[in-house]
Amino acid sequence: MTSLTPETTQRPEVAAGTDFAIELRKINKRFGPVHANKDIDLEVKRGTVHGIVGENGAGKSTLMSILYGFYHADSGEIVVGGQPVIINNSSDALHLGIGMVHQHFMLVDNFTVIENVILGAEDSALLRPSVDKARRELTRLAEEYGLNVPPDALVEDLSVGQQQRVEILKALYRGADILILDEPTGVLTPAEADHLFKVLETLRNEGKTIILITHKLREIMAITDRVSVMRQGEMVKTLETSETSPEQLAELMVGRRVLLRVHKEPANPGDVKLEVKDLVVADDQGTERVKGVSFTVRAGEILGIAGVAGNGQSELLETIAGMRPANGGTITLNGEEVTAADEDYAAFLRRKGLAHVPEDRLRMGLVTNFYEWENAILGYHDEPRYGSGLMLEIKAAKAEAKRHIEKFDIRPANTDLKTANFSGGNQQKIVLAREMERDPDVLIVGQPTRGVDIGAIEFIHNQIIKMRDAGKAIVLVSVELDEIRSLSDRIVVLFDGQIVGEADPETADEGELGLLMAGVNNKKAAVQ
Amino acid sequence: MDAILSDLISLLITTIRVSTPLILACLAGLYSERAGIIDIGLEGKLLGAAFGAATVAYLTGSAWIGLIAGVGVSLAFSGIHGLASINFRGNQVISGVALNFLAAGLTTFLGATWFARGGNTPALSGDARFGAIHFPFARELSGVPVIGPLYSGLLSGHTILTYIAFLAVPLTAWVLWRTRFGLRLRSVGENPKALDTAGMSVMWLRYKALMITGTLVGVGGAYLSTAQAASFSNNMAAGRGFIALAALIFAKWRPFQAMFACLLFGLLEALQYRLQGQDLPFIGRVPTQAMQALPYVLTILLLAGFVGRAIPPKGLGQPYVKER
Amino acid sequence: MSAPRIALPRWVDVVLLPVLNVSLAFLIGGIVVLAVGENPIEAVRIMFYGAFGYGYGFGFTLYYTTNFVFAGLAVALAYHAGLFNIGGEGQAYVAGLGAILVALAVAGLHWALALPLIMIASALFGGIWALIPGYLQAKRGSHVVITTIMMNFIATSLMSYLISRVLKPPHIASDESERVDAMTRVPFLSEWIPMLRNTPVNISFFLAIAALVGVYILIWRTKFGYALRTMGHSGTAARYAGMSNAKLIMITMAISGALAGMIAVNDVAGAHGRLLLNYVAGTGFVGIAVAFMGKAHPIGVGLSALLFGVLYQGGQELAFTMPAITREMILTIQALVILFTGAMSEMLRRPVELAFIFSRLRGHDPDTQPKLAAQEDK
Amino acid sequence: DPALVYDGGGKFDASFNEAAYNGAEWFSQETGIGYQDLEIAGDAQREQAIRQFAARGNSPIALPGFSWETALRAVAPDFPDTAFVIIDTVVDDLPNVRSVVFKEHEGSFLVGALAAMASESGTIGFVPAFDFSLLNAFGCGYRQGAAYINPDIEIIETAIGTGFDAFNNPGGGTEVARSQIDRGADVIYHAAGGAGVGVLQAAADAGILGIGVDSNQNHLHPGQVLTSMLKRVDVAVFNAFNDYNNDAWTNDVQVLGLAEEGVGAAFDEHNADLITDEMRAQIEEITTMIVSGEIVVHDYRDDSSCPV
Ligand SMILES: Nc1ncnc2c1ncn2[C@@H]1O[C@H](COP(=O)(O)OP(=O)(O)OP(=O)(O)O)[C@@H](O)[C@H]1O
Ligand SMILES: Nc1ncnc2c1ncn2[C@@H]1O[C@H](COP(=O)(O)OP(=O)(O)OP(=O)(O)O)[C@@H](O)[C@H]1O
Ligand SMILES: [Mg+2]
Ligand SMILES: [Mg+2]
């Protein structure tokens, strides 16, 4: 329990002489047997961007949640602006000028932007005055920081990047001086991420303090002033960013040397395995999201589909995987037409040799309430090897799960643990292992490394390359341009439900791809 | 023509009376469920409140004091529901089921012990009951064609509780969409974490919602025993709490739609009373039971045909677990 | 505030807490008993004596338990698929029609041959009554909670008409069906166990036990059960896995209704030997409590069904012996049991945890020392 | 001691069961002998309840309600020394059972006639709890009586619900009665147990007349309840207890109609102002005619149909 002085919610006057916005001393936090934070010390200088890196489960989010009053430390001390404080709840943190953008957004989906911004910070019992004030304030913040969001749009209609801006606006609206961002770029496109960093720079220049948690060392190098590394609940080291390198950080995080570049041999394409022709798909609301997409994938090659999130990738993937009916066009797998028709078409396609690593592992690829072994057979439970007839042979399933665990180094190596208790990276490995070990002809992969630490990223990338080299046809969808470029043998860019261009990963530069992703097609323009 | 009109009006009058307790219970459920707490226990609260109201109205001779007692009883029920589902993160459905059993058992048991009438309370008369309120000139205008029956019959002549029920509808809409409390209420049912990280207490807000729930359903219970009937009798809620819940889902947790859903149920019930034992054109005489099943059959058909998917508040039914 | 959390031994969770919760319910019930001037300890003794003390009472306990098992399993199974079936009452009622039609049609047939037919008919009728909401949920998205409530009301109307106007033979005064032939009727256990003489517990009791085992296997040992649980946790994941949600919903509801329908085998073809108006008498609703109290696990459902059987039968004994304690009083105690064991089951966890910490502190268990140090910070 | 087990509606239903209770109390006060009674929670408990009383030596055991028949048949042979009395149905093949049935249709005929006489609008109502043979017998007698007085009379019949729980829905009773009143009914007879309280209330509120049932309900709303159709269950219970006590027990079938004063219309100070001498005289005449067989009142239960 944090202790010391009783005064809590008074924002401390800036004590002269201290240039630390935040000092954490000997913070401890346990969740049952898990010691998530061990004697953590951290000092964050005022007016800087302070990065925090660490593997999945290192305790970064926990530490920040303690700072934000969401968790109570078992012991330790928090000093804000030179004053020891007790932060009992988020309200205290807000009063101390601490704002947080959570890893999983804390937004009400069916509220408007304004409603989300004023929630909890209303000025009066009636909403009208608060709404009016917030509208003015949002206009000001939009101008000042470039944080543009339509104030009356429903949050659920916004792109992820815009939703994140709403989170930042929430914090700024409450007058936050210290802004914590927990993995803000995990779900952003490069352009959105760039924009975010511009915003953060502006904020820093205005004297605000920013704590940034990320798995992307490139970002750390680009924006932070100092960086702290956490490993297994401990604070390993804090460094000046200018005096370190990605390689050093990676080694500190993981405890061993990590290869940050993907090594792959040139592709050796074979027969056409998957052919998509003039595919048209509508979303649940009936809006057309895929508008006549065609491409082919050959054995032994990786086709990367690049694009800003929300341009039809999800619907495209789901349709190819048999989860969503096509409204037009055909899909051919191994020469057989397999356009989705029934609700259980995904199972049929699996039997035909198609495997699918979904974009959203938590909602789709896994049942978090299931044991690990149960997830190891999700989608394949009907196969005879898990029992003939109606019965499910648990032994066979567990044996398979064990194999996955060993081969993919899933930790903890326990088939009887609820999947929710695995870290994000390990959850992703459970999905990958399941889909890859099936030995499919075609593998569809969506956002394989979202929210995964670099150690795991390296592993996952190598697995995907291995699959390719084993002669599988692979479709990779990712918003990470780096990932697309380093893994793919060919790249197509999806914009507004259409393929607007194709690029060679060896030669295409980021700028060219970026323009394509924004819907600007130079080549087409040139032809006309 | 006149006969048809007066028939129609009397049908609508019945509809309004029958709908009153449904609307109150339905709005009550709306506050609870908008705050993320399932309320299967509306039935029990109606029953408990009806008992409390009838008992105290009888003892004091005042319907108003009875009303307060009825509200008190259902507030107490809400309190238990809150303890179970907010503090102890219990299963909200099972808590509601328990409260229904508790109300059924306790009201009859206490009634039997106190009044020795097998759980029924003595009949109320005079000020111990809510009487009809007549609008100015209602009597004078009653003879005027069309306007007369509409004004004197349909609008005038209900008890105060009916007017409260219908006023509670726009009031609820106003609260939900125009006030700070409404904003927080809606957010806590959708995503309690959002409210929590905004520095507000989820627990306290949910209790506030349950208090409103208790109050509204309490008025509904009092209506049953001190306005519609004139005493409490065993299990007199007769499934109205469940119908209110159905109406709430039907209305997709929106106040005006909730009112219309309740009015629809009321209308079908009124119609059913009216059509029993009568020859229908083309069909002939239909068994009583078929007429009585009509409201429920129609509900199912409407639900399947027109209303579409009802998407509940996302946080509904999930206890808010705040790890510390 | 953030006292250390310790992992409680499993037996605390599985045995101690439930026992404490039931005790608390009885304690509060006891206060009410005291308030009406009776001795609560004596009341509990009578209750248990009534439920277990002699063959006659025990037979009734088993009979009630049988019904509650079926009703509880119906709710529990649907719950695993993420469906809340409040319609057990109506499904059982309609199943009574299937049971009686077949039982009367095959009148004179030996029960051993008739029983499977009656079971199939009951399951079919109950299953269809549940399949309708299932279909509407699957295909039209109508919320199964409302539709099952509606189907309950419709069942009451339908059955009231059929019993009073169609099935009632002229020579019987009350509105009920013809009797089931003695040969055909599901036999009472007292035929083999004299101790249970004159009690309605019948072969269906073993059906209930078989159903408990069967549902366990269905949920956790079959491929269908796996799919059902996947959908229950996440409809999207089920779709991803290539399971048809619509089919799963309909099959689950049908099985759930069939389970509720087994009440008809116990009552219509067995205990009552005829179809009575409102014969289900709330059993379907008790099933909701049984399922949730049993945490939707067949073992739990079995145990909580037994608890309710004890409350029903013991309560009857109590009403006999202590006239001041009426059936409503029993209902009140039942409500308290549901409340404390079901809805407020977590209430005593914290105190128990603290008690454990305290006892370990006294015992100087080195393992807990650091955590306790943390607590002393406060 | 004698014992009494109530039927589904429970002890204080303000009508049928309560009448049985009153009979037992009457006996108890008259003789100073106590009695035991019990309410059951469901059909499964019927046999158990009887058996337990019999095993404890209670006799006679009074069972008001036809629903007791099956349980009685199961238990009575096991206790040949115990006397049973069942009310509302006939069990004549067991040596230790007395059966008492009432001609509700005759009593209902009388109140139907009164209703027709009192009605000014020419429209009267009947409210059964639900569609049920016994209740239909009440309704059928009522229709015949009303039609006897006024062949053109309009009779509205509306059930409150569809099952036994309709007996507990006074709100429904109120609404049903009101909808009948809206359609012009100015006298309403109910056969709805507890829900009937709501019917009488609605009638009183609207300033028209209600008719009570089973017990004398005239006092509920003095001047607003035209009469009550009395069904002397209390007499049946009292007689059974008393006969046994005086060693005058008989195992027979007693059919209590108008002739036996087992049914009738209630006249007391509460409805004195409503009943004119003329009406009274006419009722007496009808009574005589029914008793003498000059008027035969059809019993719905005979053929599940009603001539009117
Ligand atoms: N509420 C909780 N209950 C139990 N354990 C928890 C809880 N929150 C976190 N943990 C555990 O504490 C450890 C630290 O988790 P935390 O979320 O802080 O990691 P992280 O560094 O943010 O990881 P990631 O990079 O995946 O976000 C993990 O082992 C996690 O499983
Ligand atoms: N849910 C809550 N959690 C924490 N603090 C709260 C909460 N609601 C109100 N407060 C605090 O309590 C004080 C008084 O609150 P407020 O005036 O909002 O109460 P209220 O009149 O009940 O509000 P409303 O009617 O809008 O809900 C304020 O300082 C506010 O910050
Ligand atoms: Mg994290
Ligand atoms: Mg206020």
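Throughout, a chain's letter reflects where its sequence line sits, starting with A, and its residues are numbered from 1.
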* Asked: Does atom CD of A:Glu156 have more than 12 heavy-atom neighbours from other groups under 6.0 Å away?
  -> yes
* Heavy-atom distance under 4.5 Å between the side chains of A:Asp109 and B:Glu190, does that happen here? -> no
* Relative to chain B, which of A:Glu115, A:Lys170, A:Arg128 shows the most heavy atom pairs under 4.5 Å? -> A:Glu115
* Identify the heavy atoms of A:Met106 and B:Ala194 that sit nearest to each other, and give their distance. => O-CB, 3.2 Å
* To do: Would you give the length of the straight line joining atom CZ of A:Phe70 to atom NZ of B:Lys193, rounded to the nearest 0.5 angstrom?
  => 5.0 Å
* Asked: So which of A:Asn116, A:Val131, A:Leu107 has the largest heavy-atom pair count under 4.5 angstrom toward chain B?
  -> A:Leu107
* Donor-acceptor contact present, side-chain A:Asn89 to main-chain B:Gly199, <3.5 Å -> no
* **Note, A:Leu126 side chain near B:Trp174 side chain (heavy atom, < 4.5 Å)** => yes
* Considering non-hydrogen atoms only, spot the tightest contact between B:Ser187 and A:Val108 and give its length. => CB-CG2, 3.7 Å
* Structure fact -> Residues passing the side chain to side chain contact (heavy atoms under 4.5 Å, CB included) test with A:Ser130, sequence neighbours excluded, are A:Ile118, A:Glu122, A:Asp123, A:Ser124
* At what distance, to the nearest 0.5 angstrom, does CG of B:Leu183 lie from CZ of A:Phe111? -> 4.5 Å
* Asked: Does A:Met100 reach the side chain of B:Thr197, with side-chain heavy atoms less than 4.5 Å apart?
  -> no
